[in-house]
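All residue numbers refer to positions in the sequence shown, counting from 1.
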Amino acid sequence: MKKYLALLLTAALLLTGCAENKEDPQNSSGEISSILSDSTSSSSTEVEQNSFDTVPDESSAEPLPFPLFGADNVQITFGDVTEMLDKEGNALTKETLEDTKWYEITCGGFAYLAEPTVSLNSVDDSDMYDPETLLFSGAPDYTDTEYKRYKVGDKFGDLTVKSAETMFSRIGYEEKDGVLTTEQIKAEGMCFAGMLRGCSVEFDGAVTMTGYMRVCVSEYGVEEGEVLFVPDKDSLVLPVINFHVDRDTDSFNTAVWQWPVKDFAYATEYPTIRLGNINKGVDISGIPADGTSTKVSVTVTNVSMFCDTYMSSFIDGEIVFVEAL
């Protein structure tokens with residue numbers, strides 16, 4: 001656990017947002033999806049099976065003894081939980097769980113996803129784009145997108161959830177000798193929604209989209225040769241996993257990112273969509289590799305998504321077919 005926290009804090013210092021909406025802490029770029037994945041898998045192998053396997057069926061819907069809810073604003077229950085850890089990385093059980101002891105709670109088998117609503121770009125939507133301010137008129141900073149819980153086996157369009165995980169964390173809710181109590185959190189005016197740390201999800205299936213593709217030449221926080229894609233407004237077929245905590249209302253909405261890159265700009269609820277790297281064998285024959293954004297049709301499979309409310313959010317996929325339009 002200490003190693004995990006150190007990695008996250010180090011990443012937080014190194015990463016800064018590139019979006020126009022600089023006040024949103026999650027609008028930054030970096031490679032941290034593996035940190036959450038590695039942390040979860042390593043803690044799972046180090047800790048013995050806890051008492052959740054023996055919790056009676058009638059208690060599985062019992063909510064936890066403190067406020068903890070997901071992006072759908074539904075209270076988390078013991079039946080959702082696969083692992084609970086204290087600040088030292090020790091496993092907790094239902095019997096030993098207390099408000100002041102838990103530090104990390106993992107729920108397996110589901111993630112929070114939403115329907116996308118915004119995707120603008122300076123080519124197709126030039127009438128809404130101001131090249132002087134680099135902003136789109138009418139594009140909101142946030143959208144009141146409704147997040148829903150998607151479980152393994154659920155479908156989103158042509159995609160089927162293959163695996164999913166959600167994590168809650170007390171990072172940011174600590175005091176010198178441990179973690180803040182519920183009453184202390186209320187007294188400080190802190191929101192409980194902020195305890196939802198992130199989600200990861202993988203899909204079976206493939207989707208075809210039109211939009212703009214570019215190969216990174218020199219962009220902060222992105223590897224050279226990385227293939228990035230922005231779907232147009234006719235290809236909003238991927239779910240959104242970019243939830244943002246509204247601390248004033250203790251609820252969730254979705255940040256809209258506005259990015260100017262070279263001679264191309266876009267505004268979208270999607271986090272960065274990465275489709276591999278040309279320096280690592282990805283073939284995008286016929287697509288310029290000089291950083292120019294090119295209109296394409298692309299079919300993608302092996303889609304995975306990751307969202308961390310304190311760090312970065314990403315969508316990854318593998319190109320099956322691509323052609324310039």
Side-chain angles (χ1 to χ4, degrees), residues 15-30 114-143 145 207-244 253-277 284 287-300 303 305-307 312-317 319 322-325:
L15 299 174
T16 56
C18 300
E20 282 296 313
N21 186 8
K22 293 183 175 64
E23 66 181 12
D24 184 3
Q26 71 172 334
N27 292 359
S28 55
S29 297
E115 298 275 355
T117 60
V118 176
S119 188
L120 305 171
N121 67 74
S122 56
V123 177
D124 299 333
D125 307 288
S126 58
D127 58 325
M128 300 178 63
Y129 180 64
D130 184 344
E132 293 187 4
T133 63
L134 306 179
L135 297 174
F136 291 85
S137 61
D141 292 332
Y142 302 96
T143 58
T145 306
V207 291
T208 298
M209 302 171 284
T210 55
Y212 289 83
M213 178 178 288
R214 74 180 187 275
V215 178
C216 293
V217 177
S218 177
E219 292 184 32
Y220 183 79
V222 184
E223 285 188 27
E224 181 178 352
E226 197 78 23
V227 179
L228 303 186
F229 177 76
V230 182
D232 58 33
K233 58 189 175 185
D234 296 321
S235 293
L236 302 182
V237 296
L238 294 174
V240 169
I241 195 172
N242 178 27
F243 47 77
H244 169 268
N253 53 30
T254 305
V256 177
W257 300 359
Q258 298 210 34
W259 295 78
V261 183
K262 206 171 181 180
D263 296 325
F264 181 77
Y266 56 96
T268 175
E269 296 159 290
Y270 287 120
T272 303
I273 300 177
R274 310 181 298 191
L275 300 180
N277 193 302
I284 55 168
I287 309 299
D290 59 0
T292 301
S293 293
T294 304
K295 186 72 174 280
V296 302
S297 173
V298 62
T299 300
V300 177
V303 175
M305 299 183 174
F306 171 81
C307 177
S312 304
S313 301
F314 292 108
I315 299 176
D316 289 271
I319 297 173
V322 60
E323 67 173 344
L325 298 178

Listed partners of S126 passing side-chain hydrogen bond (donor to acceptor under 3.5 Å, both in side chains), at least two apart = none

With sequence neighbours left out, write down each residue that passes ring-ring contact (aromatic ring centres under 6.0 Å, His included) with F136, or none if nothing qualifies.
-> Y129

Scan for salt bridge (charged side-chain N to carboxylate O under 4.0 Å, His left out) pairs involving residues 128-138, sequence neighbours excluded, and state none if there are none.
-> none

Residue pair D316 / F306, side-chain heavy-atom distance below 4.5 Å | no

When every non-hydrogen atom of D290 is compared with those of V217, the smallest separation belongs to C-CG2, 3.4 Å

Establish, from distance only, whether the side-chain atoms of T143 and T145 form a donor-acceptor pair under 3.5 Å.
-> yes

Decide side-chain contact (heavy atoms from CB on, under 4.5 Å) for S293 and V261; before the verdict, give the C-alpha distance in whole Å, the side-chain angles of both, and the deciding distance to 0.1 Å.
-> CA-CA 9 Å; S293 293; V261 183; 5.6 Å; no

Taking E269 for its side chain and T117 for its backbone only, find out whether a donor-acceptor pair lies under 3.5 Å.
-> yes

Single hit among I241, L238, T254, V256 for side chain to side chain contact (heavy atoms under 4.5 Å, CB included) with Y270 = L238

Identify, with sequence neighbours excluded, every residue that meets side-chain hydrogen bond (donor to acceptor under 3.5 Å, both in side chains) alongside D124.
-> N121, Y212

Residues in side chain to side chain contact (heavy atoms under 4.5 Å, CB included) contact with S119, at least two apart in sequence or another chain | V230, L236, T268

Side chain to side chain contact (heavy atoms under 4.5 Å, CB included) partners for V237, two or more places apart = V207, M209

For T210, the side-chain hydrogen bond (donor to acceptor under 3.5 Å, both in side chains) test, sequence neighbours excluded, returns D232, S235

In chain order, what residues pass the side-chain hydrogen bond (donor to acceptor under 3.5 Å, both in side chains) check against T208, with sequence neighbours excluded?
-> T299

Taking the side chain from N242 and the backbone from A255, do they hold a donor-acceptor pair closer than 3.5 Å?
-> yes

